[in-house]
Structure formats: structure tokens, C-alpha cells
2 protein chains.
Amino acid sequence: MVSKGAVTKQAILREGVETAYRVGLGGLTIGVLATACGLSKSGLYAHFSSKTALQLAVLDRARADYAETVLIPALATPRGEPRVRAVFERWIRLGLERQAGGCLFVKASVELDEQPGPVRDQLVRDHRDLDEAIAQIFRTGISEGQFRSDADPDQFAVDLMGTMLAFYHYHRLLDDGAAEARARRSFEHLLDAVRA
Amino acid sequence: MVSKGAVTKQAILREGVETAYRVGLGGLTIGVLATACGLSKSGLYAHFSSKTALQLAVLDRARADYAETVLIPALATPRGEPRVRAVFERWIRLGLERQAGGCLFVKASVELDEQPGPVRDQLVRDHRDLDEAIAQIFRTGISEGQFRSDADPDQFAVDLMGTMLAFYHYHRLLDDGAAEARARRSFEHLLDAVRA
DNA sequence: CGCCGGGGCGACCGATCGTGCTATTTTGAA
DNA sequence: TTCAAAATAGCACGATCGGTCGCCCCGGCG
């Protein structure tokens, strides 16, 4: 049996992710989030022991969303290039649909990169995990013989991240309709350079 | 003769850029900035008609810093690849020294990409200008015959931006010592692909 | 029936926000 | 030296921030 409180908490987190996606984790305000959920300020606050805990919970939810939407389905595709492509495709789609998840991490990372604290620490961990996951997916492509054996998985992860960062940047800030096409070209270019 | 007010205003802007570089443009607080400048809140406020005006002024100062540190010196180097390299080198150095300027634009862009208003509008203009400037610098390399005539200057600008975004990301958030080396490899890779 | 506990509300706290208004000090030219 | 103008301080305002408190409402259990 799911308690009523847990249901409310999930609704708060869902709304929290979407709000933070617009105003950032720091801009996430308890009062605004509460009215957005149809709750009173104290009613919402009772679910979390502090604002920091709320931020961490929102971040955790966003991470779970990203894994569920991008990484896990990608791991169900064949190893090597198809899997790398699956990650890219789903990642791009996440950005196009202006959904949260990937976006929130970029936002929070830039927001907190100079502000120490538990939220930043968690962000660093999550980012390292994602980096390692991409490098690992790339490595399977090497062991399958699809990618050059002297290719650097970490370099590929950084380059892919750069492509995605640029995509989000041009798509969201500049509303550049060509952003997706350019990101695809960059991605193909990356693949061309590492194929065996 | 420079009036005293102008001197103070410049000091405020200098401090404002450095503060915004840490906490973002939205996190820039008049009270905190005032005490950081050794002024009273109203004393500082008198120099600007509103907080938005202050943010715009800070942004303008950052843009001037970036142009002075990166673009203008680069334009003094020979056209083509050396000029592109000069931009890259100075840009990287800006990030390594953790100075403001280029960094502030990334931060503000991500912060405000979903929050309409005059500050965001200015950011979009500045970003488009920078994009166009890079593409133009690249074009001189084409007309000099150093780069392939079928290379896409806009694509190069996006790719370079992606490389720099990834560099800032890994360097500042993850404090990754290899960030610079990876950025350099990405850059060389970009150049290899467009050279005639 | 009474009781009990989780879930939520409303009022409230001290601090700080951006922003005006009015003094007061400082400055630079006459 | 005098004096207007420029620069800055003091103060107060309404709003909002994160956070705390006591109270109420309602469902399940004895």
C-alpha cells in the first residue's frame, strides 16, 4: 500500500524537476513550488527536512529520469556503435522535447560550479558516473572491434558531452532551428574519427 | 578629468563581474555587492536605475573584457589558422586563470535560457555576435586557402563552442586536470578535419 | 465511542530582497 | 573660500526568503 504522503512527495518532485529546469536549483523556491503543487508552504516543507534536502531529492529524481529515458533503453540495444547511437538519439530527443533530466544537470552544474556544498558534491558524483557510463559504452565498441583500439574512451565522452552542451546551448538559448542538424553532424564526425 | 563617480562605477562593475562569475547574474545581490565595494546599499544603487540595469552593465563589462582579452589580440595575428589558434589559446587561458569574462557568459546563458527579459535578450545578441565573429575569422582561413572551401564556418563555430563548453565544464565543476589536454586534442581534431 | 497519528494548514519569525526618499558629506570649479 | 552639484549615507517600505510552531482534520483501531 502506497501511503498518501509518498504520492504527494512524488508529485512535488515531479513539479520540482520541471520548475528547477526553468529557474535552476538555487531559484527553486519553497513557496512557489508549494503553490504550484496546490499545497501550503509548510505542508510541502513537512516532506523535507531542509531546502538542501529538497534540492538533493529533486536532483535524484532528475537523475532517475535521465537513466530511465536515455541510459537504460540504450543498454538494451546491441553493443558498440548502435548503443552509442542510441544514447545520442535519446539524449537529443530529451533536449528537443524540452523535457527535464539531462537539461537540469547542465543547468545545475553551471549554477553551482563555484558554490561548494552537498548539492554540488552530488552533482559532481552524478556527472562522473555519467562520464564513466559513456566511456564504458564506448569501450564495448572497441572490444567488439567496431572502434579503433587506440581510441580514447574518455576523450570520446568529453567530445560527446561538448556536442550535447553546444546543442542545448544553441537550441535553448538561441532557439536555433539548425542546432539539431549541427549536433548530428558533429556526432557523425566524432564517429568517423574513431571507427576501425 | 574623470569624475569620481565614474571611477566608483568601474570598481562596482569589476567587483560585479567577479561576483556574478561565482553566483550568477540572478544571484547578484545589491546588498552583498555594496558591502564588497565598501559602499552602502543606496550608495551603490544610485549608480544604476534598477537591478536589471546593473545586470546589463555587468554583462556589458564582461563582454568588453572578453573582447579585449581574446578577440582583439587575436585579430592582430595573421589571418587563417594562426588567428583561429589565437582565439582558442586566449580563450583557454581565460578559463584556466579562472578569470571572468568568457565564463560569465556561459553561466548567465544557462541561467537565463528559460527566463525571458532584457538581460536574456542581450545575452542572445552577444552570443550571436560572438558566433558570427568566430565564423568570420574562420572564413578568412578559407579565403586564404588554408581551410577547405566546402567547410562550414557556422558548423566550426558551433564545434568550437562545444569544445570550450566541455572544457569549462570539466575544468570548473569536476576540477579535472586533464580538461585542458582534452580540449586541445578536440581542437586539433577540429582543425585536422577542415584543413585544405 | 474515544483515541491516535500522519498529513496538511495558517500564522509567524528574523533576515534579506529591490527600491524609493531625504539628509549629509564630498568634490571641483569659480 | 565659497557654493552648487555630485556622490554617498540613513532610513523605511512592502515583499519574499527559509524555517518553526501549534492546531486541525480525518481514517483506522481498540
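Numbered from 1 within each chain, the chains take letters A, B, ... in sequence-line order. Everything quoted here is computed from the prediction, not taken from an experiment.
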How does protein contact run along nucleotides 25-30 of chain D, one letter per nucleotide 5' to 3', with B for base contact, S for sugar-phosphate only, - for none, heavy atoms under 4.0 Å? ------

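One can place OH of B:Y45 at 15 Å from C1' of C:dT16, the figure rounded to the nearest angstrom. Straight-line distance from the NZ atom of B:K9 to the C1' atom of D:dT8: 15 Å, rounded to whole Å. One can place CD1 of B:I30 at 12 Å from C1' of C:dG20, the figure rounded to the nearest angstrom. Following rounding to the nearest Å, B:L33 (CG) and C:dG18 (P) show an atom-to-atom distance of 10 Å. One atom, CD1 of B:I12, and another, C1' of D:dT8, lie 10 Å apart when rounded to the nearest Å.
Residues satisfying the side chain to side chain donor-acceptor pair (under 3.5 Å) criterion with B:R184, sequence neighbours excluded, are B:E89, B:E180. Residues satisfying the side chain to side chain donor-acceptor pair (under 3.5 Å) criterion with A:S186, sequence neighbours excluded, are B:Q155, B:D159. Partners of A:D60 by salt bridge (Lys or Arg N to Asp or Glu O under 4.0 Å), not counting sequence neighbours, listed by chain and number: A:R63. B:A178 is linked by a side chain to side chain contact (heavy atoms under 4.5 Å, CB included) to B:D176, B:R182, counting only residues two or more places apart in sequence or in another chain.
When all heavy atoms are compared, the tightest approach of B:P118 to B:L56 is O-CD2, 4.0 Å. When all heavy atoms of B:V17 and B:A62 are compared, the closest pair comes out as CG2-N, 4.1 Å.
Applying the salt bridge (Lys or Arg N to Asp or Glu O under 4.0 Å) test to pairs two or more places apart or on separate chains, those with a residue in residues 136-153 of chain A are A:R79-A:E144, A:E132-A:R139, A:R148-A:D150, A:D152-B:R185. Residue pairs meeting the side chain to side chain donor-acceptor pair (under 3.5 Å) criterion with at least one member in residues 114-123 of chain B, sequence neighbours excluded: A:R98-B:E114, A:R172-B:E114, B:Q122-B:R125, B:Q122-B:D126. Sorted by first and then second residue, the ring pair (Phe, Tyr, Trp, His ring centres under 6.0 Å) pairs with a member in residues 112-149 of chain B read A:H169-B:H127, A:Y170-B:H127, B:F138-B:F147, B:F138-B:F156; sequence neighbours excluded.
For the segment residues 35-42 of chain B, residues with any heavy atom less than 4.0 angstrom from an atom of DNA chain C are, sorted by number, B:K41, B:S42. Applying a 4.0 Å cut-off to non-hydrogen atoms, the residues of residues 47-57 of chain B that approach DNA chain C are B:S50, B:K51, listed by residue number.
Across all strands shown, B:V32 has heavy atoms under 4.0 Å from sugar-phosphate atoms exclusively, and none from any base. Backbone-only contact: A:L28 has heavy atoms under 4.0 Å from sugar-phosphate atoms and none from a base. Contact annotation for A:A46: no contact, since no heavy-atom pair falls under 4.0 Å across all strands.
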Under 3.5 Å, which donor-acceptor pairs do the side chains of residues 23-42 of chain A form with other protein atoms, sequence neighbours left out?
from	atom 1	to	atom 2	distance (Å)
A:T35	OG1	A:G31	O	3.4
A:T35	OG1	A:V32	O	2.9
A:S40	OG	A:G43	N	3.0

Check residues 187-194 of chain A and write down every donor-acceptor pair under 3.5 Å in which the side-chain atom is one partner and the other belongs to a residue at least two apart or another chain.
from	atom 1	to	atom 2	distance (Å)
A:E188	OE1	A:R85	NH2	3.0
A:E188	OE2	A:R85	NH1	2.8
A:D192	OD1	A:R195	NH2	2.5

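For B:T8, a side-chain nitrogen or oxygen approaches OP1 or OP2 of D:dT8 to under 4.0 Å.
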